[in-house]
Structure formats: structure tokens, C-alpha cells
Amino acid sequence: MQRANGVERSPGNVRQRKSATTRHPPAALTAPQVALPKRSPRTPARPAKAAPGTTDLPRRARLLIDWFNRSARDLPWRRTTDPYAIWVSEIMLQQTQVATVIPYWERWLREFPDPATLAAAPEARVLKLWEGLGYYSRARNLQRAAQTVVREHGSRLPDTVAGLKELAGIGPYTAGAIASIAYNQPAALLDGNVIRVLTRHQAWPGDPRSRELNTRLWAEAQQLVDAAARLTQPRNSGAVRNCSALNQALMELGATVCTPTSPRCDDCPWQTTCAAKARGQTDRFPETAARPKVELRYFATALLRHKDRWLVRQRPTGIVNAGYWEFPNLELPDNTEPRTALAQWLGIPIQQLEAAGTLRHAITRYRMTQHLYRADVPRAVALESARWVSPAELAELALTGPHRRLAATLA
DNA sequence: AAACCGTGGAG
DNA sequence: TCTCCAAGGTT
């Protein structure tokens, strides 16, 4: 979808960005942004040429902003200036792709249109709307932060990086994102996209998570957004404000052009100064560290029916996926026979458990295999924090992804 | 500070 | 199928 892009629209007043716009003259070729040997002291003094990588910051910022205003994707959270709505989008977008987030974000804003509504909502409903999105502590933190905003900030989201970072679930990236995108402050941000764009443009080797390179990347991002703040704002009424545009552009570039594999350098506004492109080495940056080893884990899962009801239980506070419901689920130590272990755990005769296939899924470095068993039990089994629920009730409960898919297969 | 947290798309 | 990685934060 490449239409009416990069347009900041206020609700009910959709402004249209003018077409084409002024393109800047072709960028003069400049030195690649890498550490170059220092000019020898004997070199005759010239009208000082600033060090490479600083002179052209304003020009690079301008190129990026213009590119963004020209060709950014039309995403729902780019149609609002409401800091709360932008905040929600930033939390949902943490380690989660745009296409996945869109329906969740729309549903969320419909049901929780402002911090006060979210703060007052039942947690069960908050978890339900996050169901399937993953990283579930984000949902609990978001509600907790909304309660803080209501209680301590008069329901208005703070507009400084420091103030934002005080809130649950807001770290360095998200604080910079909200401050710049919602409030147009010259706050830097660094995410996976920006790391890729900057390490390639500068041809910076090393692990981006190392202290040294990480510090350098933040400094570079800060210089860019500072340069953006000093540029004149495009008069085009649809143009996104400069700091906001610059940071979104860095991420947009990483997401759509400077992609992990096969980057489309011909479409890149920084192609003439990119050191990695100049060397034909875009695939060498960033230097990512080795991933942790994959580990296998096994579970036995019971689909127990009594009359027309299924047994589910709620995960307690303080553990992974707290508050979410699931079918009774037992992790198996190495090579345990699942059916025996499950029958023993539930206290029902082993013959009642009928094998119902396996379910595989992955979370982070773990590869899980769930052995499924069904049983129609004559009497309700008692299990801690468990309930027998009708299919209709089950549909209203918040389940994690694999268990939600499991629920969908039940008759 | 390394480990942990979910899920889906892309190749 | 399998790996990578995505608008990261918390402990």
C-alpha cells in the first residue's frame, strides 16, 4: 500500500499530502562514512572541511525526511497524533511485525480509547485483547503504566524521555519513540532496524550489543535527530514533523529498503554515502552474535470433558503468562511416558486418556512438543485454580496461542 | 549482564 | 523443516 503516505492526519480531518514535492539536487558524492586516515599535519591548511560523518548530517537528515514524506507506508498509527495511541502502537510493535499488530491495535483503541479506560478495565479483558500477540507481560505493564499515568500525571502521558522511562514497559527505545514521534522532541531511538541501517551506512563492525558499538550507535542516532531538529520544517501541510519523521524514517528504511537480506539499495536515500554498499558488503553488517542453542521441551496436555464442559486452569501471578488460561499441562522430564505421567498427575485411570496427537510450537529458544490426550470423565476432577467451562465461556477466556488453537479444534 | 519472554512471516 | 528476525524490556 503506497498511497498518501507519511501523512500525519488528525482524526476527522484527513489532510492530503501534496504530491511529488521538491527533490533535493542529486547529492554530491561524499566520502564513505568510515574512519578515514587522518590528514597529515603537514597538509596545507584548507578552508576547513569538517570531518566526514559530521558535515553531511543535515543533508542526510533531509534526504531521509524527504524520502519518508514521499514513500512511507500508510499505517493506522500514523493517522493519529494522540500520544496514547502512539504509545500503544510502540508497545505492541516491540519485537512484533507491523502486519501482526494492526488488528490488535485497532481493537485495543476501540475498547480502551484512553489511559483512564485502560486503567479501569478488568485485567481479564486486557489479557483477552492481547491474546495471541505474545510477550504477555507487555499487556500487564501497559495497564499498570496507564494506572500510573492517571494517578500521577493527570491522565496525560509524560513528554520527556526521563518521564516516559519511569513507566512500566517503557525502556530506552520506546521512550525515544514516544518523545519523538508523539511530541516531536529531538530524542534518539535505536531498534533492530536502526541498528542495521546505521551499521551498514557507517560500515561499523562488531556486535551492536557491545557497550562500545551500542554507545556509538546511540550517539549517531542522536546526532541525526538533532540535525533534523535544526532543519526547516517542510511547508507542505501534510509533512510529518522533522524529529518524528527522521526517527520513523530510520525504522521505515530498515523495514522496507535496508532489509536483513537482499536490501534494495537502489531505492535508498542514503545510497551515495553508504559505506557497506560502496564495498558491496551490506550482508556483513550488522555483525550479529550467535543465537542461544535451541532446547527441546516436552509436555503432556489433558483435554478433559465432563458433560458439556472442559477443564481449564489459570496460570498464577508471578510466573510466565500469568493470568492466562490453559488446558491442564504438565512438563515432562526427559523421556517420561506422557500418558502415565498425566494420568498420575490428574488422578484418573490411565485407560481413560485417549491419545489425541501432538502439537508443536516454539517460544524463543525452546521447541515445545505437547502430547495431547482426551478423556470424557464421568466425574469432575479437582485441580488447583481450575474450572469447568462451557464452550461459550471458554471463548471469552484469555488463552495463550497454542492453547487457543487447541480450543478451536474441540468439538 | 546474560537469560528470559511469544508469535508469525520470509526465505 | 529450519533459521532468522521483527518499532525491546525486565530481571
Side-chain angles (χ1 to χ4, degrees), chain A residues 68 72-73 75-78 85-105 127 130-142 144-145 164-182 187-197 207-211 214 217-218 221 244 246-256 258-263 283 286 288-297 315 318-322 324 326 359-369 398-405:
Chain A
F68 182 77
R73 291 168 295 178
L75 304 177
W77 41 89
R78 289 183 178 159
I86 292 168
W87 172 28
V88 173
S89 78
E90 289 302 337
I91 301 297
M92 289 186 169
L93 285 162
Q94 289 170 4
Q95 302 286 283
T96 310
Q97 294 183 344
V98 164
T100 306
V101 166
I102 290 175
Y104 283 91
W105 184 84
L127 298 182
W130 206 273
E131 180 187 75
L133 197 52
Y135 288 122
Y136 296 103
S137 62
R138 292 185 293 177
R140 290 186 295 271
N141 284 338
L142 188 50
R144 197 146 56 89
L164 289 161
K165 269 198 218 167
E166 298 285 317
L167 298 171
I170 298 187
Y173 162 77
T174 308
I178 297 172
S180 61
I181 297 173
L189 60 74
L190 204 61
D191 75 335
N193 288 310
V194 180
I195 288 169
R196 189 167 54 254
V197 168
D207 181 351
R209 290 174 306 184
S210 72
R211 259 265 295 270
N214 190 258
L217 286 162
W218 275 102
S244 174
L246 181 111
N247 279 345
Q248 292 188 73
L250 277 172
M251 296 189 283
E252 186 81 357
L253 190 63
T256 64
C258 195
T259 47
T261 58
S262 345
D283 57 333
T288 50
R291 296 231 147 191
K293 251 197 198 158
V294 167
E295 205 170 296
L296 303 179
R297 294 169 72 178
R315 298 179 62 84
I319 66 167
V320 176
N321 300 342
Y324 279 85
E326 63 186 10
L359 180 67
R360 287 172 213 282
H361 63 107
I363 68 169
T364 63
R365 57 183 273 253
Y366 298 106
R367 303 291 172 266
M368 330 280 229
T369 302
L399 276 65
T400 59
H403 287 260
R404 172 55 63 198
R405 286 193 292 279

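Chain A is the first sequence line, chain B the second, and so forth, proteins listed ahead of strands; every chain is numbered from 1.
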With a non-hydrogen cut-off below 4.0 angstrom, is [X] in contact with a base, only sugar-phosphate, or nothing?
X	answer
A:Asn247	nothing
A:Arg405	sugar-phosphate
A:Ser262	nothing
A:Tyr104	nothing

#### Entry: Span that lies between the P atom of C:dT11 and that of B:dG6, in whole angstrom
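The answer is 13 Å between these two P atoms.
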### Message
Taking only the P atom of each, what is the distance from B:dA2 to C:dA7 in whole angstrom?
### Response
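It comes out at 25 Å once rounded to the nearest Å.
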### Task
Tell me which of A:Ala99 and A:Arg211 sits closer to the 5' end of DNA chain B, going by the nucleotide each one is nearest to.
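First, find each residue's nearest nucleotide; the 5'-ward one identifies A:Arg211.
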### Task
Between A:Gly401 and A:Thr261, just flag the one whose closest nucleotide in DNA chain B comes earlier from the 5' side.
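Comparing both residues, the 5'-ward one is A:Gly401.
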### Query
Do A:Leu399 and A:Glu326 have side-chain heavy atoms sitting under 4.5 Å apart?
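Side-chain contact under 4.5 Å: no.
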### Query
If we only count heavy atoms from C-beta on, is the A:Arg209 to A:Asn214 side-chain gap below 4.5 Å?
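No, side chains not in contact.
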Side-chain donor-acceptor pairs under 3.5 Å in residues 166-177 of chain A, sequence neighbours left out?
residue	atom	partner	partner atom	Å
A:Tyr173	OH	A:Glu90	OE1	2.6
A:Thr174	OG1	A:Gln94	NE2	3.0

For [X], which residues count as a side chain to side chain donor-acceptor pair (under 3.5 Å) partner, sequence neighbours excluded?
X	value
A:Arg211	none
A:Ser180	A:Asn247
A:Asn141	A:Arg144

### Query
Quick one: ring-ring contact (aromatic ring centres under 6.0 Å, His included) partners of A:Trp105, sequence neighbours excluded?
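Once residues adjacent in sequence are excluded, the partners of A:Trp105 under the ring-ring contact (aromatic ring centres under 6.0 Å, His included) criterion are A:Trp77.
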### Task
Please identify each residue that fulfils ring-ring contact (aromatic ring centres under 6.0 Å, His included) with A:Tyr324, with sequence neighbours left out.
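Residues passing ring-ring contact (aromatic ring centres under 6.0 Å, His included) with A:Tyr324: A:Tyr136.
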### Task
Mind checking side chain to side chain contact (heavy atoms under 4.5 Å, CB included) for A:Thr96 and listing every partner two or more places apart, or none if nothing turns up?
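Side chain to side chain contact (heavy atoms under 4.5 Å, CB included) list for A:Thr96, sorted by chain: A:Thr100, A:Val101, A:Leu133, A:Arg138.
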### Covered region of DNA chain B, 5' end to 3' end, by chain A [heavy atoms, under 4.0 Å]
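The contact span of chain A on DNA chain B goes from B:dC4 to B:dG9.
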#### Entry: Under 4.0 Å protein heavy-atom contact, by nucleotide of nucleotides 4-11 of chain C - B base, S sugar-phosphate only
-BBBBSS-
